[in-house]
Amino acid sequence: MELLNSKVDHHDYMCDHNRLGLQVVQAVSSPRVKLLFDIYHMQIMEGDLVRTIQKNIDWIRPLSYRRRSRPPRT
């Protein structure tokens, strides 16, 4: 499950904080369901990335990073 930011790129997106995403993943409680932790989006929404990753590493896979200079997806 991917969390996106609602401040800059995805206005009105509802699943935009780790707290909500973790609640969903933990409720499903399946090894096949994890959070896609996109560093770009989570830095915009929450910051403190290192502490968040360390605290929730068992529920987060994989870490996602991309350069903003990448052409948009079509």
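All residue numbers refer to positions in the sequence shown, counting from 1.
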Worksheet item: Where do Ile60 and Ile53 come nearest, in terms of heavy atoms and distance?
Response: CD1-CA, 4.2 Å

Worksheet entry | Minimum heavy-atom distance Gln43-Asp48, with the two atoms named | OE1-N, 4.3 Å

Item to complete: Using the side-chain contact (heavy atoms from CB on, under 4.5 Å) rule, take Leu4 and Asp9 through it: C-alpha gap first, then chi angles, then the decisive distance, then the call.
Response: CA-CA 8 Å; Leu4 303 175; Asp9 301 302; over 6 Å; no

Worksheet, complete the sentence: In this structure, OG1 of Thr52 is separated from CE of Met45 (nearest 0.5 Å) by 12.5 Å

Worksheet item: Considering the options Val24, Val25, Val33, which one meets the side chain to side chain contact (heavy atoms under 4.5 Å, CB included) requirement together with Trp59?
Response: Val25

Practice prompt. Under the salt bridge (charged side-chain N to carboxylate O under 4.0 Å, His left out) rule, collect the residues that match up with Asp12, sequence neighbours excluded.
Written response: none

Discussion item. Test of understanding: with ring-ring contact (aromatic ring centres under 6.0 Å, His included), list the residues that count as partners of His10, not counting sequence neighbours.
Written reply: His41

Would you mind writing out the side-chain donor-acceptor pairs for residues 13-22 within the sub-3.5 Å range, not counting sequence neighbours?
| unit_1 | atom_1 | unit_2 | atom_2 | d |
| --- | --- | --- | --- | --- |
| Tyr13 | OH | Glu2 | O | 3.1 |
| Asp16 | OD2 | Ser6 | OG | 2.4 |
| Asn18 | ND2 | Glu46 | OE1 | 2.6 |

